[in-house]
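Data first, discussion second: the structure below is written as C-alpha coordinates.
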Amino acid sequence: MPELPEVEIVKQSLKRAINHKKIRKVIVKNRNLRFKLPVNFEKTLQDKVISNVSRLSKYIIIEFKSGLFCIFHLGMSGTVHIIKKKIDKITNLSFYQYKQVPTRHNHIKFIFSNFKIIYNDPRRFGFFKLFKSLDELNIYFKKIGPEPFSKKFNFFYLYNKIKNKKKNIKNILLDQNIVAGLGNIYVNEILFYCKVDPKKKGSEISKKEIKKIIRYSNIVLKIAIKSGGSSIRDFKNANGDNGSFQKKFKIYGKKGYACPRNNCKGKIIKFFQTNRSSYMCQICQK
DNA sequence: CCGTTAACCTGAGAGC
DNA sequence: TGCTCTCAGGTTAACG
(Lines give C-alpha, C1' and ligand atoms only; values in the text may rest on other atoms or scores of the structure.)
Protein backbone atom coordinates (compact mmCIF):
# COMPACT_ATOMS: atom_id res chain seq x y z
CA MET A 1 0.00 0.00 0.00
CA PRO A 2 2.31 2.73 1.11
CA GLU A 3 4.97 4.43 -0.96
CA LEU A 4 7.22 7.31 0.04
CA PRO A 5 4.47 9.95 0.45
CA GLU A 6 2.23 7.70 2.54
CA VAL A 7 5.12 6.60 4.76
CA GLU A 8 6.14 10.24 5.16
CA ILE A 9 2.60 11.14 6.26
CA VAL A 10 2.50 8.29 8.78
CA LYS A 11 5.90 9.36 10.08
CA GLN A 12 4.77 12.95 10.57
CA SER A 13 1.65 12.07 12.52
CA LEU A 14 3.46 9.40 14.52
CA LYS A 15 6.30 11.77 15.41
CA ARG A 16 3.90 14.37 16.73
CA ALA A 17 2.37 11.75 19.00
CA ILE A 18 5.34 9.80 20.35
CA ASN A 19 8.49 11.93 20.20
CA HIS A 20 10.09 12.31 23.66
CA LYS A 21 7.51 9.94 25.16
CA LYS A 22 8.14 6.72 27.01
CA ILE A 23 6.81 3.34 25.93
CA ARG A 24 5.27 1.80 29.02
CA LYS A 25 4.47 -1.60 27.60
CA VAL A 26 4.48 -3.55 24.34
CA ILE A 27 1.87 -6.23 23.70
CA VAL A 28 2.27 -8.58 20.73
CA LYS A 29 -0.67 -10.60 19.47
CA ASN A 30 0.93 -12.10 16.38
CA ARG A 31 4.70 -12.32 15.86
CA ASN A 32 4.40 -13.74 12.35
CA LEU A 33 4.90 -10.67 10.22
CA ARG A 34 7.07 -10.69 7.08
CA PHE A 35 9.94 -11.54 9.40
CA LYS A 36 9.21 -13.05 12.77
CA LEU A 37 9.35 -10.45 15.54
CA PRO A 38 12.45 -10.90 17.70
CA VAL A 39 11.77 -12.79 20.96
CA ASN A 40 13.11 -9.90 23.02
CA PHE A 41 11.05 -7.27 21.16
CA GLU A 42 8.64 -6.36 23.98
CA LYS A 43 11.26 -6.36 26.72
CA THR A 44 13.76 -4.36 24.69
CA LEU A 45 11.30 -1.54 24.02
CA GLN A 46 9.65 -1.37 27.43
CA ASP A 47 10.39 1.86 29.35
CA LYS A 48 12.45 3.28 26.47
CA VAL A 49 12.16 6.99 25.64
CA ILE A 50 11.86 8.07 21.99
CA SER A 51 14.29 10.76 20.88
CA ASN A 52 13.43 11.00 17.17
CA VAL A 53 11.15 9.60 14.46
CA SER A 54 12.32 9.74 10.85
CA ARG A 55 11.81 8.12 7.46
CA LEU A 56 14.21 6.53 5.02
CA SER A 57 12.79 5.16 1.78
CA LYS A 58 9.61 3.34 2.85
CA TYR A 59 10.91 2.67 6.35
CA ILE A 60 10.04 4.52 9.53
CA ILE A 61 12.91 4.80 12.00
CA ILE A 62 12.29 5.26 15.71
CA GLU A 63 15.34 6.36 17.62
CA PHE A 64 15.57 5.96 21.38
CA LYS A 65 17.47 7.98 23.95
CA SER A 66 19.43 4.88 24.83
CA GLY A 67 20.94 4.68 21.32
CA LEU A 68 18.65 1.84 20.23
CA PHE A 69 16.81 1.94 16.89
CA CYS A 70 13.53 0.31 15.93
CA ILE A 71 12.61 0.42 12.26
CA PHE A 72 9.47 -0.79 10.57
CA HIS A 73 8.07 -1.23 7.09
CA LEU A 74 4.34 -1.21 6.31
CA GLY A 75 4.52 -3.75 3.50
CA MET A 76 1.35 -3.65 1.40
CA SER A 77 -1.31 -3.32 4.05
CA GLY A 78 0.29 -2.05 7.27
CA THR A 79 -1.35 0.87 9.11
CA VAL A 80 -0.53 2.72 12.31
CA HIS A 81 -3.23 3.99 14.63
CA ILE A 82 -2.93 6.49 17.45
CA ILE A 83 -5.67 5.93 19.96
CA LYS A 84 -6.14 8.50 22.70
CA LYS A 85 -7.31 7.64 26.14
CA LYS A 86 -10.24 9.69 27.34
CA ILE A 87 -11.65 9.91 30.82
CA ASP A 88 -15.37 10.26 31.35
CA LYS A 89 -15.80 13.09 33.84
CA ILE A 90 -18.92 11.67 35.45
CA THR A 91 -18.05 8.01 35.82
CA ASN A 92 -14.27 8.62 35.97
CA LEU A 93 -13.78 5.60 33.72
CA SER A 94 -11.12 5.73 31.03
CA PHE A 95 -11.62 4.51 27.48
CA TYR A 96 -9.78 4.67 24.19
CA GLN A 97 -11.12 6.78 21.37
CA TYR A 98 -10.42 6.49 17.66
CA LYS A 99 -12.36 7.40 14.55
CA GLN A 100 -12.52 3.79 13.41
CA VAL A 101 -10.70 1.11 15.35
CA PRO A 102 -9.87 -1.92 13.21
CA THR A 103 -11.28 -5.07 14.73
CA ARG A 104 -8.91 -7.66 13.20
CA HIS A 105 -5.18 -7.92 12.51
CA ASN A 106 -4.05 -5.63 15.32
CA HIS A 107 -0.71 -7.38 15.80
CA ILE A 108 1.24 -5.03 18.06
CA LYS A 109 0.20 -2.52 20.72
CA PHE A 110 2.53 0.09 22.16
CA ILE A 111 1.10 1.46 25.38
CA PHE A 112 1.97 5.02 26.41
CA SER A 113 0.72 6.92 29.46
CA ASN A 114 -2.38 8.49 27.89
CA PHE A 115 -2.62 6.86 24.47
CA LYS A 116 -1.68 3.71 22.60
CA ILE A 117 -0.27 2.96 19.16
CA ILE A 118 -1.59 -0.03 17.23
CA TYR A 119 0.16 -1.68 14.32
CA ASN A 120 -2.44 -3.30 12.05
CA ASP A 121 -1.54 -5.37 8.99
CA PRO A 122 -3.97 -7.81 7.32
CA ARG A 123 -1.50 -9.27 4.84
CA ARG A 124 1.46 -9.23 7.24
CA PHE A 125 4.02 -8.15 4.65
CA GLY A 126 5.20 -5.46 7.04
CA PHE A 127 7.93 -6.01 9.63
CA PHE A 128 9.89 -4.55 12.54
CA LYS A 129 13.61 -4.76 13.23
CA LEU A 130 15.80 -3.63 16.11
CA PHE A 131 19.33 -2.26 15.85
CA LYS A 132 21.66 -1.66 18.75
CA SER A 133 23.57 1.20 17.14
CA LEU A 134 23.69 3.66 14.29
CA ASP A 135 26.42 1.56 12.67
CA GLU A 136 24.14 -1.48 12.59
CA LEU A 137 21.35 0.65 11.16
CA ASN A 138 23.60 2.05 8.44
CA ILE A 139 24.74 -1.43 7.43
CA TYR A 140 21.13 -2.44 6.98
CA PHE A 141 20.42 0.54 4.71
CA LYS A 142 23.74 0.41 2.88
CA LYS A 143 22.32 -0.75 -0.46
CA ILE A 144 19.32 1.58 -0.57
CA GLY A 145 19.54 4.21 -3.29
CA PRO A 146 19.32 7.97 -2.73
CA GLU A 147 16.10 9.66 -1.68
CA PRO A 148 14.38 11.30 -4.67
CA PHE A 149 14.67 14.72 -2.97
CA SER A 150 18.38 14.43 -2.24
CA LYS A 151 21.16 16.04 -4.27
CA LYS A 152 22.57 12.57 -4.85
CA PHE A 153 19.61 11.78 -7.11
CA ASN A 154 20.92 13.83 -10.02
CA PHE A 155 21.47 13.45 -13.74
CA PHE A 156 24.94 11.90 -13.55
CA TYR A 157 23.89 9.43 -10.93
CA LEU A 158 20.83 8.18 -12.79
CA TYR A 159 22.55 8.24 -16.17
CA ASN A 160 25.37 6.02 -14.92
CA LYS A 161 22.93 3.67 -13.20
CA ILE A 162 20.72 3.05 -16.23
CA LYS A 163 22.83 3.61 -19.34
CA ASN A 164 23.73 -0.08 -19.72
CA LYS A 165 20.52 -1.57 -18.38
CA LYS A 166 18.39 -3.91 -20.45
CA LYS A 167 15.64 -3.75 -17.86
CA ASN A 168 12.64 -1.53 -18.58
CA ILE A 169 12.57 1.92 -16.99
CA LYS A 170 9.51 1.13 -14.91
CA ASN A 171 11.20 -1.73 -13.11
CA ILE A 172 14.41 0.25 -12.81
CA LEU A 173 12.57 3.01 -10.95
CA LEU A 174 10.84 0.46 -8.71
CA ASP A 175 14.23 -0.89 -7.68
CA GLN A 176 14.86 0.54 -4.21
CA ASN A 177 18.61 0.23 -4.72
CA ILE A 178 18.43 2.71 -7.62
CA VAL A 179 16.17 5.29 -5.99
CA ALA A 180 14.46 5.05 -2.61
CA GLY A 181 10.75 5.20 -1.98
CA LEU A 182 9.07 4.99 -5.39
CA GLY A 183 6.34 2.39 -5.80
CA ASN A 184 3.87 1.27 -8.42
CA ILE A 185 1.50 4.24 -8.32
CA TYR A 186 4.09 6.99 -8.39
CA VAL A 187 6.31 5.37 -11.03
CA ASN A 188 3.28 5.08 -13.33
CA GLU A 189 2.35 8.70 -12.71
CA ILE A 190 5.89 10.04 -13.06
CA LEU A 191 6.48 8.29 -16.39
CA PHE A 192 3.22 9.71 -17.70
CA TYR A 193 4.31 13.26 -16.85
CA CYS A 194 7.67 12.56 -18.53
CA LYS A 195 5.93 11.14 -21.65
CA VAL A 196 8.15 8.05 -21.35
CA ASP A 197 6.98 4.56 -22.30
CA PRO A 198 7.38 2.32 -19.21
CA LYS A 199 8.52 -0.55 -21.48
CA LYS A 200 11.54 1.37 -22.71
CA LYS A 201 14.91 -0.08 -21.69
CA GLY A 202 17.20 1.87 -19.39
CA SER A 203 19.76 2.13 -22.17
CA GLU A 204 17.19 3.70 -24.49
CA ILE A 205 16.26 6.58 -22.17
CA SER A 206 17.58 9.87 -23.53
CA LYS A 207 19.49 12.40 -21.47
CA LYS A 208 16.57 14.78 -21.70
CA GLU A 209 14.25 12.08 -20.40
CA ILE A 210 16.56 11.32 -17.47
CA LYS A 211 16.37 14.96 -16.43
CA LYS A 212 12.58 14.88 -16.72
CA ILE A 213 12.37 11.73 -14.59
CA ILE A 214 14.32 13.42 -11.82
CA ARG A 215 12.29 16.62 -12.03
CA TYR A 216 8.88 14.92 -12.07
CA SER A 217 9.83 12.48 -9.31
CA ASN A 218 10.32 15.53 -7.12
CA ILE A 219 7.18 17.31 -8.27
CA VAL A 220 4.82 14.34 -8.05
CA LEU A 221 6.07 13.18 -4.66
CA LYS A 222 5.96 16.67 -3.19
CA ILE A 223 2.38 17.22 -4.27
CA ALA A 224 1.44 13.77 -3.01
CA ILE A 225 2.89 14.54 0.43
CA LYS A 226 1.11 17.88 0.46
CA SER A 227 -2.13 16.03 -0.36
CA GLY A 228 -1.65 13.68 2.59
CA GLY A 229 -0.74 10.70 0.36
CA SER A 230 -3.03 8.50 -1.73
CA SER A 231 -5.97 6.65 -0.17
CA ILE A 232 -7.20 4.14 -2.73
CA ARG A 233 -8.59 1.43 -0.55
CA ASP A 234 -7.65 1.92 3.03
CA PHE A 235 -4.67 4.18 3.53
CA LYS A 236 -5.07 6.55 6.46
CA ASN A 237 -2.53 8.51 8.41
CA ALA A 238 -1.96 7.63 12.06
CA ASN A 239 -4.82 9.92 13.10
CA GLY A 240 -7.32 8.17 10.84
CA ASP A 241 -7.49 10.80 8.09
CA ASN A 242 -7.56 9.99 4.38
CA GLY A 243 -5.14 11.43 1.84
CA SER A 244 -6.42 13.02 -1.35
CA PHE A 245 -3.73 12.49 -3.98
CA GLN A 246 -5.80 9.69 -5.56
CA LYS A 247 -8.06 12.47 -6.88
CA LYS A 248 -5.09 13.82 -8.81
CA PHE A 249 -4.10 10.54 -10.48
CA LYS A 250 -3.58 11.03 -14.20
CA ILE A 251 -3.41 7.38 -15.28
CA TYR A 252 -3.15 5.01 -12.32
CA GLY A 253 -6.31 2.88 -12.21
CA LYS A 254 -7.71 4.71 -15.25
CA LYS A 255 -7.85 1.94 -17.83
CA GLY A 256 -10.04 2.91 -20.82
CA TYR A 257 -10.15 6.60 -19.91
CA ALA A 258 -9.14 9.29 -22.39
CA CYS A 259 -5.60 10.59 -21.99
CA PRO A 260 -5.84 13.62 -19.67
CA ARG A 261 -3.31 15.54 -21.73
CA ASN A 262 -4.73 18.41 -23.77
CA ASN A 263 -4.89 17.70 -27.51
CA CYS A 264 -3.98 14.04 -27.07
CA LYS A 265 -6.55 11.65 -28.49
CA GLY A 266 -5.03 8.58 -26.79
CA LYS A 267 -6.66 6.13 -24.41
CA ILE A 268 -5.13 4.82 -21.20
CA ILE A 269 -4.25 1.14 -21.44
CA LYS A 270 -3.42 -1.30 -18.68
CA PHE A 271 -0.90 -4.12 -18.93
CA PHE A 272 1.48 -6.04 -16.68
CA GLN A 273 5.20 -5.72 -16.13
CA THR A 274 6.60 -8.45 -13.87
CA ASN A 275 3.20 -9.09 -12.34
CA ARG A 276 2.51 -5.46 -11.53
CA SER A 277 -0.03 -3.31 -13.30
CA SER A 278 1.23 -0.57 -15.58
CA TYR A 279 -0.81 2.19 -17.17
CA MET A 280 0.15 4.40 -20.07
CA CYS A 281 -1.13 6.50 -22.91
CA GLN A 282 -0.07 4.75 -26.11
CA ILE A 283 0.10 7.98 -28.02
CA CYS A 284 2.00 10.45 -25.87
CA GLN A 285 4.30 8.10 -23.94
CA LYS A 286 7.11 7.11 -26.27
C1' DC B 1 27.31 -9.70 -11.96
C1' DC B 2 22.15 -9.51 -14.36
C1' DG B 3 17.33 -10.52 -15.04
C1' DT B 4 13.16 -13.22 -14.06
C1' DT B 5 9.85 -15.76 -11.23
C1' DA B 6 7.60 -17.40 -7.31
C1' DA B 7 6.52 -16.78 -2.79
C1' DC B 8 4.92 -14.57 1.29
C1' DC B 9 -0.66 -13.29 3.09
C1' DT B 10 -5.73 -11.60 3.49
C1' DG B 11 -9.75 -9.33 1.68
C1' DA B 12 -12.48 -6.85 -1.74
C1' DG B 13 -14.87 -7.07 -5.81
C1' DA B 14 -16.26 -9.14 -10.22
C1' DG B 15 -18.56 -12.63 -12.60
C1' DC B 16 -21.38 -16.56 -12.66
C1' DT C 1 -26.46 -15.49 -1.14
C1' DG C 2 -22.50 -18.00 -2.29
C1' DC C 3 -18.81 -19.85 -4.83
C1' DT C 4 -14.46 -19.10 -7.51
C1' DC C 5 -11.29 -16.23 -9.52
C1' DT C 6 -8.34 -12.11 -9.96
C1' DC C 7 -6.12 -8.42 -8.13
C1' DA C 8 -3.93 -5.15 -4.56
C1' DG C 9 0.17 0.63 -2.67
C1' DG C 10 6.15 -4.42 -1.51
C1' DT C 11 10.12 -7.14 -0.98
C1' DT C 12 13.32 -10.94 -1.56
C1' DA C 13 14.99 -15.81 -1.96
C1' DA C 14 16.01 -18.81 -5.49
C1' DC C 15 16.99 -19.79 -9.93
C1' DG C 16 19.21 -19.76 -14.82
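Numbered from 1 within each chain, the chains take letters A, B, ... in sequence-line order.
The listed nucleotides are B:dC2, C:dG9, B:dG11; the one nearest the side chain of A:K165 is B:dC2. Which of C:dT11, C:dG9, B:dT10 sits closest to the side chain of A:H73 comes down to C:dT11. Listed candidates were C:dG9, B:dG11, C:dT12. Nearest to the side chain of A:N184 is C:dG9. Closest to the side chain of A:I232, out of C:dG9, C:dA8, C:dT12, is C:dG9. The side chain of A:N275 sits closest to B:dA6 out of B:dA6, C:dG9, B:dG3.
Between A:F131 and A:Y140, the distance from one ring center to the other falls under 6.0 angstrom.
Within the structure, every side-chain polar atom (N or O) of A:H105 is placed at least 4.0 Å from both OP1 and OP2 of B:dC9. Here A:S277 does not reach the OP1 or OP2 of C:dT6: none of its side-chain N or O atoms lies under 4.0 Å away. Put simply, A:R276 has a side-chain N or O that comes within less than 4.0 Å of OP1 or OP2 on C:dG10. One finds no side-chain N or O of A:K166 lying less than 4.0 angstrom from the OP1 or OP2 phosphate oxygen of B:dC2.
Applying the 6.0 Å contact sphere to OH of A:Y257 captures no more than 12 heavy atoms from other residues, nucleotides or ligands.
Taking a pair to require two hydrogen-bonding distances under 3.5 Å in either a Watson-Crick or a G-U wobble arrangement, B:dC9 remains unpaired. Taking a pair to require two hydrogen-bonding distances under 3.5 Å in either a Watson-Crick or a G-U wobble arrangement, B:dC2 pairs with C:dG16.
Rounding to whole angstrom units, CG of residue A:N188 and P of C:dA8 are separated by 10 Å. Atom P of nucleotide C:dC7 and atom NZ of A:K270 are separated by 6 Å, given to the nearest angstrom.
A donor-acceptor pair shorter than 3.5 Å can be found between the side chains of A:D121 and A:S77.
Side-chain to base pairing of A:R34 with C:dT11: one donor and one acceptor N or O lie within less than 3.5 Å of each other. A:R123 contributes a side-chain N or O that forms a donor-acceptor pair with the base of B:dC9 under 3.5 Å.
For A:F125 and A:R233, each mapped to the nucleotide of DNA chain B holding its nearest heavy atom, the one lying further toward the 5' end belongs to A:F125.
Comparing the P positions of C:dA14 and B:dC9 gives an interatomic distance of 15 Å, to the nearest angstrom.
The shortest distance between side-chain heavy atoms of A:I269 and A:Y279 does not fall below 4.5 Å.
Using bins of under 30°, 30° to 60° and over 60° for the plane-to-plane angle, the ring pair A:Y252/A:F249 lands in the perpendicular bin.
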